[in-house]
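Below you'll find the structure I mean.
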Amino acid sequence: MAPGSRASDQLLTAEAYGALAPPGRSELVQGEVVDLTPAGSSHGRIAALIAEVLGAFVRPRRLGVVLTADAGFILARNPDTVRAPDVAVVLQGRIPAGGLPEGFFPGPPDLAVEVVSPWDRWLEVEGKVEELLAAGTREAWVVDPRHATVRTFAGTRAAVRVLGQGDTLSTELLPGFALPVDELFG
C-alpha cells in the first residue's frame with residue numbers, strides 16, 4: 001500500500017470512489033484511495049499559470065478543454081485507477097458529443113502536467129507519468145521548481161527532453177503553443 005493511503009477491505013471502483021467524496025485531495029490507485037498532501041503556494045502558482053496559459057491558447061482556437069487537478073481521469077479498470085494531473089488537456093476530438101461527463105473523464109488526458117511539490121518523491125512522480133503514458137496520454141510534462149526544469153515525455157518514458165533557462169516549452173499536440181520556461185519560475 002502506498003504511503004498515505006487508507007486501508008480498506010475491498011478495492012473501490014471509480015464510481016464508488018467518486019461517491020465517497022473523500023476529504024482533501026486524493027487519487028484512486030489500483031482500487032485504493034491515496035491521500036495527497038496539499039502541495040504549497042509555489043506549486044499552486046505554477047500549476048495555475050500553466051492552466052491559464054494553456055487555456056488562453058486552447059479555448060479561442062476550440063482545440064479542446066484545459067482541466068485542473070479537480071477533474072480526475074479513469075486510467076484503468078479492474079482494479080480501477082483515477083489520476084488527477086495538476087493540469088490536463090483533452091483535445092476536442094475526444095470530448096463526448098454530449099460534453100464533458102459529470103464525473104471522472106473516461107480515459108486519459110492528451111496532455112498531462114505534473115508540478116513537483118517539495119515533498120514529492122521522484123519515483124512516485126515518475127510512476128504516475130508512466131501510468132498516464134501507458135493509459136494513452138500522448139504527452140506529459142513534469143515541472144520541477146527546485147531545479148527550474150521541465151521534463152517532457154512523449155509516448156514513452158524513454159522519449160524525454162529536459163528544458164531549462166532560455167528554453168521554450170512547446171508541443172506538437174498544440175501547434176503554435178510556446179511558453180518560455182523562465183516564466184514558470186520567476
Side-chain angles (χ1 to χ4, degrees), residues 4 14-15 17-29 33-76 80-96 98-120 124-133 135-146 150-153 169-171 173-174 177-181 183-186:
E15 292 75 20
Y17 170 64
L20 181 65
R25 274 189 75 201
S26 64
E27 292 178 319
L28 186 68
V29 179
V33 176
V34 177
D35 292 322
L36 303 173
T37 303
S41 56
S42 177
H43 176 283
R45 182 193 66 77
I46 292 169
L49 174 65
I50 293 169
E52 178 184 332
V53 171
L54 281 169
F57 186 85
V58 169
R59 198 174 25 262
R61 291 166 181 80
R62 300 174 191 222
L63 298 174
V65 295
V66 176
L67 303 168
T68 63
D70 296 324
F73 295 85
I74 301 172
L75 301 184
D80 291 6
T81 294
V82 176
R83 289 294 201 166
D86 292 313
V87 181
V89 175
V90 176
L91 296 176
Q92 192 63 43
R94 293 193 49 240
I95 297 172
L100 290 173
E102 187 73 20
F104 304 124
F105 191 85
D110 292 290
L111 171 64
V113 182
E114 282 295 319
V115 180
V116 180
S117 74
W119 31 83
D120 278 340
E124 291 173 358
V125 173
E126 193 173 57
K128 185 173 179 177
V129 167
E130 287 178 8
E131 280 182 33
L132 286 158
L133 294 171
T137 294
R138 294 169 55 191
E139 189 169 335
W141 301 342
V142 176
V143 180
D144 185 349
R146 274 179 255 157
V150 179
R151 294 176 189 266
T152 66
F153 300 81
L169 184 58
S170 62
T171 174
L173 296 175
L174 304 170
F177 175 82
L179 173 61
V181 171
E183 287 186 21
L184 296 174
F185 308 111

Partners passing side chain to side chain contact (heavy atoms under 4.5 Å, CB included) against Q92 (at least two apart in sequence or in another chain): I95

Student check: side-chain heavy atoms of L75 and P108 closer than 4.5 Å: yes

task: Give, for atom CZ of R151 and atom CD of E126, the distance between the pair rounded to the nearest 0.5 Å.
output: 8.5 Å

Closest heavy-atom pair and its distance - V115, P145: CG1-CG, 4.1 Å

- request: Please identify each residue that fulfils salt bridge (charged side-chain N to carboxylate O under 4.0 Å, His left out) with R94, with sequence neighbours left out.
  value: D110

query: With sequence neighbours left out, what residues match F185 under ring pair (Phe, Tyr, Trp, His ring centres under 6.0 Å)?
result: none

- prompt: Knowing that exactly one of V53, L111, L63, V90 qualifies, which makes a side chain to side chain contact (heavy atoms under 4.5 Å, CB included) with V58?
  reply: L63

V89 and V65, any side-chain heavy atoms less than 4.5 Å apart: no

- request: Measure the shortest side-chain to side-chain distance between L132 and P109 over non-hydrogen atoms and say whether it is less than 4.5 angstrom.
  value: yes

- prompt: Which atom pair, heavy atoms only, marks the closest approach of A47 to D86?
  reply: CB-CB, 4.3 Å

task: Please list, chain by chain and in numerical order, all residues satisfying salt bridge (charged side-chain N to carboxylate O under 4.0 Å, His left out) with D120, sequence neighbours excluded.
output: none

- prompt: Can you tell if the side chain of L67 reaches within under 4.5 Å of the side chain of L100, non-hydrogen atoms only?
  reply: yes

field: Minimal non-hydrogen separation, P106 against P101, with atom names
entry: CD-CG, 3.7 Å

- request: Report the distance from atom OG of S117 to atom CZ of R146, rounding to the nearest 0.5 Å.
  value: 7.0 Å

task: Answer whether the closest heavy-atom distance between the side chains of L91 and L174 falls below 4.5 Å.
output: yes

task: Check whether more than 12 heavy atoms from other residues, nucleotides or ligands sit under 6.0 Å from atom CZ of R45, and answer yes or no.
output: yes

query: Below 4.5 Å, heavy atoms only, C-beta onward: do L173 and R138 meet side chain to side chain?
result: yes

task: List the steps and the verdict of side chain to side chain contact (heavy atoms under 4.5 Å, CB included) for I50 and L184.
output: CA-CA 8 Å; I50 293 169; L184 296 174; 3.5 Å; yes

- request: Write out all pairs satisfying ring pair (Phe, Tyr, Trp, His ring centres under 6.0 Å) with one or both partners inside residues 43-62, taking only residues at least two apart or from two chains.
  value: F57-F177

message: Less than 4.5 Å apart, side chain to side chain, heavy atoms only: is that true for F73 and V82?
response: no

- line: Smallest heavy-atom separation, A14 atom then D80 atom, equals N-OD2, 2.6 Å

query: Taking side chain as C-beta onward, heavy atoms only, is V150 less than 4.5 Å from V142?
result: no

- request: Apply side chain to side chain contact (heavy atoms under 4.5 Å, CB included) to the pair T171 and W141, showing each step before the final yes or no.
  value: CA-CA 10 Å; T171 174; W141 301 342; 4.0 Å; yes

task: Could I get the full list of salt bridge (charged side-chain N to carboxylate O under 4.0 Å, His left out) partners for E131, not counting sequence neighbours?
output: R83

